[in-house]
There are 2 protein chains.
Amino acid sequence: MAEDSAVIGRSGSYSTGVARRREILDRAIEVFAERGSDGASLRQIAKAIGVSHTALLHYFDSREQLLVAVYEHAEWTRGETHPWPAEATAVDRLVRAATENVKVPGLVQLYSTLVATALAEESGASKEFFTRRFEVTRENIAAWLRRDQALGLVREDVDADMIAAMLVAASDGLQTQWLLDSSVSLIETLRAFDALLSPCPGAAADRPEPADAPDRD
Amino acid sequence: MAEDSAVIGRSGSYSTGVARRREILDRAIEVFAERGSDGASLRQIAKAIGVSHTALLHYFDSREQLLVAVYEHAEWTRGETHPWPAEATAVDRLVRAATENVKVPGLVQLYSTLVATALAEESGASKEFFTRRFEVTRENIAAWLRRDQALGLVREDVDADMIAAMLVAASDGLQTQWLLDSSVSLIETLRAFDALLSPCPGAAADRPEPADAPDRD
DNA sequence: GTCTATACGTCGATAGAC
DNA sequence: GTCTATCGACGTATAGAC
């Protein structure tokens, strides 16, 4: 992920390892995007790439670690492209992420499968990855929420950390419901948080400044 | 589920089928509650019950249908016991359901696994069961929300059906996060919906009655 | 109807040859 | 680095005992 940028510029000889690893991940992402996580056995992924399934285990310790790496790589590849406008709110970011996710149902399926695996195991690659990932995601959203609060866009009588967990949960859960029944209005429902989180018009309101100076802690 | 009550009271001879089926489900629920969904292979469940694994397939068409039946039966068994106080709000009910769920992590794991399976398959028992289940759950919560709105407990500027989907999603997602990291305050975060959904103090407010007359449709 | 025994194909994983 | 061979466990199907 970050490590290879320090390696691939070298002589080109032993960089083939990480380059090949990346090729495998890129191709595996396509497999998931096209066929979903149904044909996701190690042997079927290997066949789609054109190698034996044991070859994959030379780059990844297990099937589970391969799948986690695929999801991580897909997320990273996608996140690289377009920057965020500075004025985007926390809900704005959730909405865009969800919009992009539903375009690739196979990856949402993969996400759901891996989270279920993480819940079921005593310990393992999935568990550690997703525990950490939820933690980071919650922290990011909480920071945006605090900025939104400082800007007067979000009511201040709620705890940003709790709302962050709630937003992540709602986003995940709504994507699940949407995949099962597309009549569930994913984006609209996420947008409903705008109304729930906006400061009440006649509220007490001893807000410090009208805008502009976010007092981050 | 409802069908057997019309059968088991009969002569007692051919009712042994559904009785045995029920025994299997009861024992399987214990297995999941004790060991989670890790040792959830057909063969391991059969061993815990004390029969060969093929015996299970005489009562259930496949492993997947057995697992769905286990979850359904566990949910039904639990729901039988205690009635709801009439004054409980939609959020109250979510909170109690979540409180009971986290007492049996194995069943939450099973739920998560089955939902992931439902998302991954083109069609199948899990997909149909959970699509329908989400639909029913959303409708129930939406009805409670509309009652809460009529009672003046929930703001009326939001759509009950959308909020229902949001509440189900948040509840599912928060249970997932809680299982991975118990520092996430599941109940408190669900309770935060009370503040988000309560009518704003100084809002426009052309509410019909102060309380007391829920106009159910 | 209830259940065991057996077999088939596939799975993730390992060991060792080239 | 990639292969073949092999392992035990899996879900499923079938035949037949009681």
Side-chain angles (χ1 to χ4, degrees), chain A residues 4 7-8 11-25 27-28 31 35-70 110 113-114 116-118 120-122 124-126, chain B residues 4 7-8 10-28 31 35-70 110 113-114 116-118 120-122 124-126:
Chain A
D4 47 359
V7 174
I8 52 175
S11 71
S13 67
Y14 67 87
S15 73
T16 58
V18 312
R20 182 85 180 104
R21 191 185 144 107
R22 199 200 162 96
E23 284 173 21
I24 292 174
L25 289 177
R27 183 74 192 101
V31 172
R35 309 213 289 255
S37 41
D38 245 348
S41 80
L42 213 46
R43 287 168 145 96
Q44 282 181 276
I45 296 172
K47 191 187 297 180
I49 297 180
V51 295
S52 74
H53 75 280
T54 53
L56 300 182
L57 295 177
H58 281 251
Y59 298 94
F60 306 93
D61 290 343
S62 67
R63 172 182 182 268
E64 188 192 347
Q65 290 202 5
L66 168 61
L67 295 194
V68 171
V70 166
L110 174 59
T113 301
L114 288 176
T117 303
E121 47 185 18
E122 198 76 24
S126 300
Chain B
D4 49 358
V7 174
I8 53 177
R10 289 290 228 96
S11 70
S13 68
Y14 67 87
S15 75
T16 58
V18 314
R20 183 78 179 111
R21 190 185 144 107
R22 198 200 162 95
E23 284 173 23
I24 292 174
L25 289 178
D26 284 334
R27 184 73 192 102
V31 172
R35 309 213 288 254
S37 41
D38 246 348
S41 79
L42 211 47
R43 286 166 145 98
Q44 280 182 278
I45 295 172
K47 190 187 297 179
I49 296 180
V51 295
S52 73
H53 71 280
T54 53
L56 299 182
L57 296 179
H58 281 195
Y59 300 94
F60 307 93
D61 290 344
S62 68
R63 173 183 181 269
E64 188 192 348
Q65 290 202 6
L66 168 62
L67 294 194
V68 170
V70 166
L110 175 58
T113 301
L114 288 176
T117 303
E121 48 185 17
E122 198 75 24
S126 299

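Within every chain, numbering begins at 1; the chains are lettered A, B, ... in the order of the sequence lines, protein sequences first and strands thereafter.
Scanning all heavy atoms of the two residues, the minimum distance from A/Phe60 to A/Ala69 falls at CE2-CB, 3.7 Å.
Rounded to the nearest 0.5 Å, atoms CD1 (B/Ile24) and CG (B/Leu66) are 8.0 Å apart. The CD atom of B/Gln44 sits 6.5 Å away from the CZ atom of B/Arg35 when rounded to the nearest 0.5 Å.
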Self-check item: Contact pattern, 5' to 3', of nucleotides 6-18 of chain D - B, S or - by protein heavy atom under 4.0 Å
Solution: B---BBBB-----
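At the heavy-atom level, B/Ala55 lies under 4.0 Å from base atoms of the strands shown. Note on A/Phe60: nothing from the nucleic acid sits closer than 4.0 angstrom, heavy atoms only.
Without hydrogens or angle criteria, A/Gln65 side chain to A/Ala125 main chain gives no donor-acceptor distance under 3.5 Å.
If you take CD1 of B/Ile24 and P of C/dG1, they are 15 Å apart, rounded to a whole angstrom. Per the geometry, CD1 belonging to A/Ile45 stands 12 Å off C1' belonging to C/dC11, to the nearest Å. We find that CG of A/Leu56 is positioned 15 Å from C1' of C/dT14, with the value rounded to whole Å.
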Quiz item: Could you walk me through whether B/Ile45 and B/Leu67 pass the side chain to side chain contact (heavy atoms under 4.5 Å, CB included) check?
Solution: CA-CA 10 Å; B/Ile45 295 172; B/Leu67 294 194; 4.2 Å; yes
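B/Arg43 pairs by the side-chain hydrogen bond (donor to acceptor under 3.5 Å, both in side chains) definition with nothing, not counting sequence neighbours.
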